[in-house]
Amino acid sequence: MSTKYDPKAIEGKWQKYWEENKFFKVSEDPNKPKYYDLEMFPYPSGNLHMGHVRNYAIGDVVARFKSMNGFNVLHPMGWDAFGLPAENAAIKNAVPPSKWTHANIENMKQQLKTMGISYDWDRELATCKPDYYKFTQWMFVKLFENGLAYKKKSAVNWCPSCQTVLANEQVVDGACERCEAEVEKKQLEQWFFKITDYAQRLLDDLEKLPGWPEKVKTMQRNWIGRSEGCEFSMPIEGLKDSMTVFTTRPDTVFGVTYMVLAPEHPLVETISRGKEEESAVKTFVQGMKSLSDLSRTATDAEKAGVFTGAYAVNPMNGERIPIWIANYVLMDYGTGAIMAVPAHDQRDFEFARKYDIPIRVVIKSDDSPADAEEMTEAYTGDGVMVNSGVFNELGVQDGISSVIKYMEDNNIGSGTVNFRLRDWLISRQRYWGAPIPVVYCEKCGIVCLPEEQLPVLLPEDVEFKPSGESPLNYVESFTRTTCPDCGGEARRETDTMDTFVCSSWYFDRYCSPHEKDVPFSKEAVDYWMPVDQYIGGVEHAILHLMYARFFTKFLYDINMLSCEEPFTNLLTQGMVLKDSSKMSKSKGNVVSPEEIIKTYGADTARLFILFASPPERDLEWSDQGVEGAYRFLNRIWRLITDYARSIQDITIPDTFPNLDDDSRDLRFKTHATIKKVSEDVGERFNFNTAISAIMELSNTLYAYKDKKPQNLEVVKEALQMLLILLSPFSPHICEELWKICGNEGSVCQQQWPSYDPEALVQDEIEIVIQLMGKVRDHIRIPADISDDELKTIAVELPKIKELTSGKQISKIIVVPKKLVNIVAK
RNA sequence: GCGGAUGUGGCGGAAUUGGCAGACGCACCAGACUUAGGAUCUGGCGCCGCGAGGUGUGGAGGUUCGAGUCCUCUCAUCCGCACCA
């Protein structure tokens with residue numbers, strides 16, 4: 001039988017077969033070990049791109065492999081369906097966001113289905129559906145009840161193009177992460193989640209994640225930005241107010257020669273009022289305001305500031321210290337005020353030199369001049385305290401703790417820990433998101449809705465104004481409501497939640513996606529959670545992955561979950577590149593997965609993308625590489641269809657005694673391949689080398705094909721194993737060929753094979769003979785030869801004899817079963 | 001500036017524990033089959049050299065019988081952070 005490989009004819013057929021027979025539907029089964037395999041769910045932009053294909057192909061290999069290895073595999077898919085693009089499309093094309101989104105979901109779902117991924121589609125969810133966002137709102141209510149959701153007025157990031165505020169995490173280099181417009185600062189009253197309460201745990205528990213890339217953990221550590229130090233206050237001369245500062249170097253407090261407030265600091269106006277410096281201060285503050293955050297915080301920006309005319313008193317020694325304001329002190333870190341120690345802080349040093357402020361050395365070291373005049377830079381290293389009264393002669397570490405102790409004893413200040421992490425700003429002035437379940441009542445004030453009144457439904461029939469303002473503001477049926485507490489008139493909150501809130505718990509929902517009254521069932525999450533393998537792009541290293549960790553810890557605290565970390569193992573896949581740069585419409589280097597699948601089939605697309613590069617690394621798209629993958633599948637097709645009839649009735653025996661050399665070699669290759677593929681997929685996630693091993697097996701089979709006589713038992717075993725091993729990568733063709741070989745059932749449901757150690761035993765092995773570390777010869781010898789015999793054979797080899805004549809052999813090194821190295825001079 | 005990753009043929013990449021560098025694939029070259037082939041098959045393919053051989057994993061040193069792998073220094077590219085007190 002010799003038909004042509006026609007992916008179009010077989011892929012749809014098997015996809016339908018899997019779906020109709022509910023192959024990938026799972027439920028909790030206490031008798032099987034569970035495995036939760038998850039890929040980051042996509043935003044339904046309308047079309048699948050190559051990044052998705054890579055992400056889901058990787059996930060599918062893992063799912064299919066684990067399932068064949070006896071695991072009960074949960075492998076769900078859904079849609080991160082709220083978000084701004086839907087609104088932009090609505091404004092542009094006059095289509096409601098809901099309609100646009102659902103049409104996109106339909107389209108992408110069809111595209112995904114043509115990939116043949118083993119999803120349990122019965123668990124599909126979309127965050128924009130009321131049965132889902134009801135529980136996103138429920139999360140808000142629970143956070144509110146636990147004091148972790150609050151509203152405050154503060155300087156927030158405003159994207160003028162998206163017409164909404166953004167979280168700190170969504171501002172990249174002073175620009176909006178989405179649209180790259182420059183972000184402005186605005187004073188607004190907004191909703192926050194108190195993620196800072198979890199800062200320490202988010203930091204500490206990174207230690208419990210050995211299955212995460214170090215890179216991602218480092219990024220999170222930096223983002224959380226913990227620093228230990230102390231906070232203390234300094235009285236201000238002539239005022240009741242005092243200023244509070246944070247420092248990590250209390251040991252240098254005797255070296256303070258000036259103080260600095262951030263230009264936005266609320267005390268600036270008070271302390272300079274009526275002073276002759278007042279107008280200079282005002283001019284400086286105005287100048288700072290007109291600067292963007294980006295240019296304000298650029299490292300190379302020169303330090304600049306003005307004296308306020310006011311003085312503070314150093315509580316340690318009563319010294320009178322001038323208070324300045326300067327561009328290099330930021331309002332949103334620490335207390336927005338610092339003590340400046342120019343001798344031991346580089347920034348203060350530069351500033352002091354520029355404005356002729358005195359510099360006083362208080363840490364003495366052989367590595368640094370004792371005289372401030374001679375210093376060319378601040379000294380930040382270790383040493384002993386000097387000019388510091390009773391603290392003199394203490395080392396830096398002792399000094400820090402002694403000064404803190406003194407401050408605490410004398411009510412000056414105390415040891416504190418400061419984090420860079422800010423609370424999570426979750427309000428968005430947008431329509432297409434989960435409404436924040438809050439009303440404003442004239443009598444009761446801010447009232448969070450009770451659980452029973454959820455969901456707050458998003459009105460779907462709305463009109464968009466070209467201004468970009470959220471239409472919710474104009475829908476009176478939405479905004480006019482009653483207060484759940486007093487029943488009086490109330491106005492509904494019109495802000496919606498950041499879409500990252502929706503994606504912070506979707507993996508829990510997958511465990512029991514049809515629950516009506518609770519976000520998920522305890523039994524289900526206790527069985528499935530945590531996710532064993534999470535796969536997605538590294539661009540979520542901070543945003544999504546930290547928010548999801550925060551939610552998981554919160555849900556653990558309120559007894560909804562039994563795990564404290566949501567993702568045990570994390571794989572951050574590399575990007576798909578074309579011509580060395582990221583595929584993008586603007587560069588015109590986009591390759592459409594739909595086209596590739598149409599031309600070559602999903603099996604080829606998957607195989608190429610898995611073969612071209614290991615998953616963590618960036619992958620260079622190559623049309624010729626795709627051809628190569630297609631060619632390989634054709635080779636497999638021909639190989640197996642050629643043999644199909646002759647092996648139909650062959651039974652694979654349990655043992656293979658008395659094989660001829662060629663058949664033994666083939667069997668050796670078969671079992672070596674099983675071993676290699678099992679390790680590469682199961683332990684290392686190196687799909688590229690697993691596929692190359694399968695290619696080698698196929699090459700060996702082609703070579704065997706010309707040999708006579710043929711041992712069809714060995715051939716059948718090799719072919720069947722090849723199909724099983726290849727099936728997680730290219731499942732459709734393997735199903736078809738499995739059937740063509742006369743097998744019952746599905747190749748995807750076969751037990752993953754284990755190799756036969758007997759087949760890997762070799763009587764004769766090849767040994768490399770080196771002279772002075774250089775390969776000079778190869779010999780084939782019995783595997784059980786002793787080291788001494790081997791040495792004798794090696795030195796007697798004609799080639800070695802010739803090269804060592806007249807030389808003294810001083811040493812012979814034998815690496816068992818590998819090589820002999822002769823040292824001679 | 002700080003932190004991290006990477007660097008291997010013409011290209012994508014292998015070499016898992018210090019032990020034959022370049023598996024596998026692409027491209028290319030030669031041949032076979034063929035009316036023809038962009039199908040398929042066979043062989044070749046790091047560089048220098050006719051050859052024996054030499055040489056070779058960004059660069060320079062070092063450790064070792066032996067280094068892509070370990071150590072020191074250095075260069076390049078990419079990513080993250082960046083006045084964080």
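Throughout, a chain's letter reflects where its sequence line sits, starting with A, and its residues are numbered from 1. Values in this document were obtained by computation on a predicted structure and should not be read as measured data. What you see below is based on every heavy atom in this structure, not just the backbone, and it leaves out hydrogens, waters and symmetry mates.
The same atom, P, is picked in rG56(B) and in rC78(B); the two are 29 Å apart, to the nearest Å. To the nearest whole angstrom, the two P atoms, one in rG54(B) and one in rG44(B), are 23 Å apart. Separation of the P atoms belonging to rU55(B) and rA32(B) is 39 Å when rounded to the nearest angstrom. rG68(B) and rG13(B) have their C1' atoms separated by 14 Å, with the value rounded to a whole Å. The same atom, P, is picked in rC45(B) and in rC29(B); the two are 16 Å apart, to the nearest Å. Across rC26(B) and rG38(B), the matching P atoms stand 16 Å from one another, rounded to whole Å. Comparing the C1' positions of rG51(B) and rA36(B) gives a spacing of 41 Å, expressed to the nearest Å. A gap of 16 Å separates the P atoms of rA60(B) and rU8(B), to the nearest Å.
Heavy atoms from other residues, nucleotides or ligands lying under 6.0 Å from CD of Glu683(A) number more than 12.
The pair Arg249(A)-Asp251(A) meets the salt-bridge criterion, with a side-chain N (NZ, NE, NH1 or NH2) lying under 4.0 Å from an Asp/Glu carboxylate O. Between Glu377(A) and Arg353(A), no side-chain nitrogen of the basic residue sits less than 4.0 Å from a carboxylate oxygen of the acidic one, so the salt-bridge criterion is not met. Salt-bridge formation is detected for the pair Lys354(A)/Glu302(A): a Lys NZ or Arg NE/NH1/NH2 atom is positioned less than 4.0 Å from an Asp or Glu carboxylate oxygen. Between Glu802(A) and Lys799(A), none of the side-chain N atoms (NZ, or NE/NH1/NH2) sits under 4.0 Å from a carboxylate O, so this pair counts as no salt bridge. Looking at Glu679(A) and Lys675(A), a side-chain N of the basic residue comes within less than 4.0 Å of a carboxylate O on the acidic one, giving a salt bridge.
Ring-plane geometry between Tyr328(A) and Phe351(A) is classed as tilted, the angle between the planes lying from 30 to 60 degrees on a 0 to 90 degree scale. Classification of the Trp324(A)-Tyr355(A) ring pair by plane angle, with boundaries at 30° and 60°, yields tilted.
A close approach under 4.0 Å does occur between a side-chain nitrogen or oxygen of Lys774(A) and OP1 or OP2 of rU55(B). In terms of phosphate contacts, Arg631(A) brings no side-chain nitrogen or oxygen within less than 4.0 Å of OP1 or OP2 of rC24(B). Checking the phosphate oxygens (OP1, OP2) of rU40(B), no side-chain nitrogen or oxygen of Asn634(A) falls inside 4.0 Å. Put simply, Lys215(A) has no side-chain N or O that comes within less than 4.0 Å of OP1 or OP2 on rA5(B). Between Arg420(A) and rA82(B), a side-chain N or O to OP1/OP2 separation shorter than 4.0 Å is present. OP1 or OP2 of rA23(B) has not a single side-chain nitrogen or oxygen of Ser692(A) nearer than 4.0 Å. Close to rA85(B), at under 4.0 Å from its OP1 or OP2, lies no side-chain N or O of Thr335(A). At least one side-chain nitrogen or oxygen of Arg635(A) sits closer than 4.0 Å to the OP1 or OP2 atom of rC41(B). Taking 4.0 angstrom as the limit, Asn699(A) places none of its side-chain polar atoms (N or O) nearer than this to OP1 or OP2 of rA23(B).
For rG58(B), the base is anti relative to its sugar; the glycosidic angle deviates from 0 by more than 90°.
Among the nucleotides rC20(B), rU40(B), rG13(B), the one closest to any side-chain atom of Arg638(A) is rU40(B). The side chain of Ser227(A) lies closest to rA85(B) when the candidates are rC20(B), rA85(B), rA27(B). Among the nucleotides rC83(B), rA14(B), rA85(B), the one closest to any side-chain atom of Thr247(A) is rA85(B). Residue Lys811(A) has its side chain nearest to rC65(B) when only rC65(B), rG13(B), rC24(B) are considered. Distances were taken from every side-chain heavy atom of Ile813(A) (C-beta onward) to each of rG13(B), rC20(B), rG19(B); the shortest belongs to rG19(B). Side-chain proximity of Ser613(A) to the nucleotides rG19(B), rC83(B), rG13(B) is greatest for rG13(B).
As rounded to whole Å, 12 Å separates atom C1' of rG66(B) from atom CG of Leu771(A). We find that NE2 of His778(A) is positioned 12 Å from C1' of rA21(B), with the value rounded to whole Å. For Asp777(A) and rG53(B), the CG to P distance is 11 Å, given to the nearest whole Å. The separation between Tyr600(A) atom OH and rC26(B) atom P is 13 Å, rounded to whole Å. Rounded to whole Å, the distance from CH2 on Trp223(A) to C1' on rC81(B) is 9 Å. Taking atom CH2 on Trp212(A) and atom P on rG4(B), their separation rounds to 20 Å, with Å as the unit. Distance Asp332(A) CG to rA85(B) P: 13 Å, rounded to the nearest Å. Rounded to a whole Å, the NZ atom of Lys817(A) is 17 Å from the P atom of rC20(B).
Across all strands shown, Arg221(A) has no heavy atoms under 4.0 Å from either base or sugar-phosphate atoms. Using a 4.0 Å heavy-atom criterion, one finds that Gln770(A) contacts the bases of the nucleic acid, with or without backbone contacts as well. Among the heavy atoms of the strands lying under 4.0 Å from Val823(A) are primed sugar atoms or P, OP1, OP2 only; no base atom is included. Contact annotation for Gly225(A): no contact, since no heavy-atom pair falls under 4.0 Å across all strands. As judged by a 4.0 angstrom heavy-atom cut-off over every strand, Ser622(A) is placed among residues making no nucleic acid contact. Base contact: Val815(A) has a heavy atom under 4.0 Å from a base atom. Contacts of Glu766(A) with the nucleic acid, taken as non-hydrogen atoms under 4.0 Å apart, include base atoms. Residue Lys217(A) is classed as having no contact, given no heavy-atom separation below 4.0 Å to the nucleic acid.
When each of Asn418(A) and Pro614(A) is assigned the nucleotide of RNA chain B with its nearest heavy atom, Pro614(A) is the one assigned upstream, toward the 5' end. Summary of the strand contacts: Leu819(A) and Glu696(A) both lie near RNA chain B, and taking for each the nucleotide with the nearest heavy atom, the more 5' one is attributed to Leu819(A).
Side-chain contact check for Trp424(A) and Glu169(A): no donor-acceptor pair (N or O, by modelled atom type) lies under 3.5 Å.
Counting distance only, with no hydrogens placed and no angle test, the side-chain atoms of Asn821(A) and the base atoms of rC65(B) include a donor-acceptor pair under 3.5 Å.
Separation of atoms CG (Leu701(A)) and CG (Asp642(A)) is listed at 12.0 Å; rounding is to 0.5 Å.
Residue Phe608(A) is tested with Phe632(A), Trp621(A), Phe687(A), Phe729(A) for a ring pair (Phe, Tyr, Trp, His ring centres under 6.0 Å); the sole match is Trp621(A).
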Which dot-bracket string describes RNA chain B (Watson-Crick N1-N3 plus N6-O4 or O6-N4, or G-U N1-O2 and O6-N3, all under 3.5 Å; [ ] crossing; | other strand)?
-> (((((((..(((......[....))).(((((.......))))).(((....)))..(((((..]....))))))))))))....
